[in-house]
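Inspection log for the structure reproduced underneath, given as structure tokens.
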Amino acid sequence: MLNGEIEKMKSSSSSSFFQDKTHNYNKKERCLNMVMLPPFFLSSLLVTVIFILFILYSPNPLKAMSKLDLGQTLDLIKPPNTTFLGDHDEILNCDLSKGHWIPDLQGSLYTNSSCTTIPTSKNCFHHGRKDRDFLNWRWKPDRCHLPRFDPKTFLEFVQGKKLAFIGDSVARNHMESLLCLLSKVFIAPFYLYRYQCACFPICIVETPKDHYQDSEDRKRVWYFPGHDFTLMILWTKFLVDGEERVVNGSTSGIFDLHLDKIDKEWSRDLPALDYVVISDAHWFFRPIYLHDDTGVVGCVYCNNPNVTDFGVGFALKMAFRSALNHINCCKKCKVRVTLIRTFSPAHFENGSWNTGGRCNRTSPLSEGEIDLSSNEWELRGLQMEEIEKARIEGNKKGKRFGVLDVTRAMLMRPDGHPGEFWGNKWMKGYNDCVHWCLPGPIDVWNDFLMAILGREAALVS
């Protein structure tokens, strides 16, 4: 497999869930029962809820509210979407990746105060970021509606299952976003407790337990006991086996990648998983020697005249191919759906990460302002090729492969990175334009996750 690719380079339970969710006929009855409460009490409650939501969601609560703002706020107390995908057929036939960012006055479903699990390096407001308008945008596909993430519905879908994010620190960033969305809490009065998830969009979901953390914080496991759901991050630099060379007792920044060997840091946990989200890329932008079972076959950024430099794209493609082949060939694995999250672009301007590059924009770009001939778009294309190959092979074995194609959407969001607001005391003066603020644009990845995971799970044989 690897040699063939080198020559080319040289020459050039879930399916029924959606139907079950549509039987929520008793939701209307529960909400109507609330009308039995005294009218004055209901009126007071409604005014109180609107006021609280105004304070929470308004970028400037002291500013006068327009009619449009009021209409958007009143929409918040409408019942949430009762199906996992909204219009199931519409999502099945829609390319979610093609769209644009539209204003969204509702903003984030959580704050850096309500989510206690945000790591300090992603807590941009804590470190002094003042602008908040970057939260008030929502991704709108051109040909369909992408449902907003619903934590209650998502937890019901993954009940009794294990979901793992496999990849680098950006994969961890994604998991942290999902954890915040699943952990939001609304303290309902006792007399409304049994109605709160039926009639209010903000409801008591569940507080997860920090179940496991290894000594290097590379494997982290969260458990939701009320739904018997396990969420984890399995950190890996390259997906395949990779080691940094040590020269005279010091690390060299040069890595050896064995493309024929899977990184055991994630593969050992694979048999117990039901759903997997794989992503990787940023570690490949460094000097790397590529190996197969015969020895060194190429490199990336090696500047060695005796070794062919195949570039980042080739190394990334072969690593993904090895990982996806491993999942397809794993006979003891029970993984129902494997998703690839496409490349998440960095947005350094006026330099790179170590030469003064910054990312201090405060609003999204339009589609006409992004470059679809960039290296980021090329890497996304290579990932799409590998997921399609895996999908064809997986169909023969009853395994589903899908893609969270977020590259185009995130190319438009240079405003969503921590930049200088990440609080790293060991790297003062450097900007983080790779990871994403929490809350922030990265939260839309979980809108994608809810839609695509449901779509692929519905097709598992």
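Here the structure is a predicted model, which means the values were calculated and not measured. Hydrogens, waters and symmetry mates play no part in the numbers below; they use all other heavy atoms, side chains included.
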Step by step, would you call Tyr289 with Phe255 a ring-ring contact (aromatic ring centres under 6.0 Å, His included)?
CA-CA 6 Å; Tyr289 284 87; Phe255 289 81; over 10 Å; no
State, without any angle test, whether Asn446 and Ser177 hold a side-chain donor-acceptor pair at a distance under 3.5 Å.
yes
Does a donor on one side chain sit under 3.5 Å from an acceptor on the other, for Asn136 and Asp104?
no
Under 4.0 Å between a side-chain nitrogen and a carboxylate oxygen: does that hold for Asp217 and Arg172?
yes
Cation-aromatic face contact Arg129/Phe134, 6.0 Å, 45 degrees:
yes
Minimal heavy-atom distance between Asp260 and His291, with the atoms involved, is OD1-O, 4.1 Å
Just jot down the side chain to side chain donor-acceptor pair (under 3.5 Å) partners of Asn303, sequence neighbours excluded, or say none.
none
Minimum heavy-atom separation for Cys180 to Thr117, with atom names?
SG-OG1, 4.0 Å
Can you find a side-chain donor-acceptor pair between Thr153 and Glu156 that sits under 3.5 Å?
no
If you compare all heavy atoms of Ser267 against all heavy atoms of His326, which two are closest, and at what distance to 0.1 Å?
CB-NE2, 3.9 Å
Under the salt bridge (Lys or Arg N to Asp or Glu O under 4.0 Å) test, residues paired with Lys219 that sit two or more places apart:
Asp269
From the options Glu349, His417, Glu420, select the one residue that forms a side-chain contact (heavy atoms from CB on, under 4.5 Å) with Asn431.
Glu420
Taking all atoms of both residues into account, what is the closest heavy-atom pair of Leu411 and Leu365, and its distance?
O-CD1, 3.8 Å
Report yes or no: is the cationic atom of Arg138 (NZ for Lys, CZ for Arg) closer than 6.0 Å to the six-membered ring centre of Trp101, at no more than 45° off its axis?
no
Derivation of the salt bridge (Lys or Arg N to Asp or Glu O under 4.0 Å) call for Asp415 and Arg413
CA-CA 5 Å; Asp415 55 328; Arg413 296 309 305 266; 2.8 Å; yes
Are a donor atom and an acceptor atom from the side chains of Asp263 and Thr236 found within less than 3.5 Å of each other?
yes
Should the pair Arg132 and Phe125 be classed as cation-pi, given the thresholds of under 6.0 Å to the six-membered ring centre and 45° from the axis?
yes
Closest heavy-atom pair, Phe165 versus Ile233, reported as atoms and distance to 0.1 Å, is O-CD1, 3.2 Å
Pair Arg380, Thr407: side-chain N/O donor-acceptor within cut-off below 3.5 Å:
no
Does a donor on one side chain sit under 3.5 Å from an acceptor on the other, for Trp436 and Ser344?
yes
Looking just at side-chain N and O atoms, do Asn395 and Arg400 make a donor-acceptor pair shorter than 3.5 Å?
yes
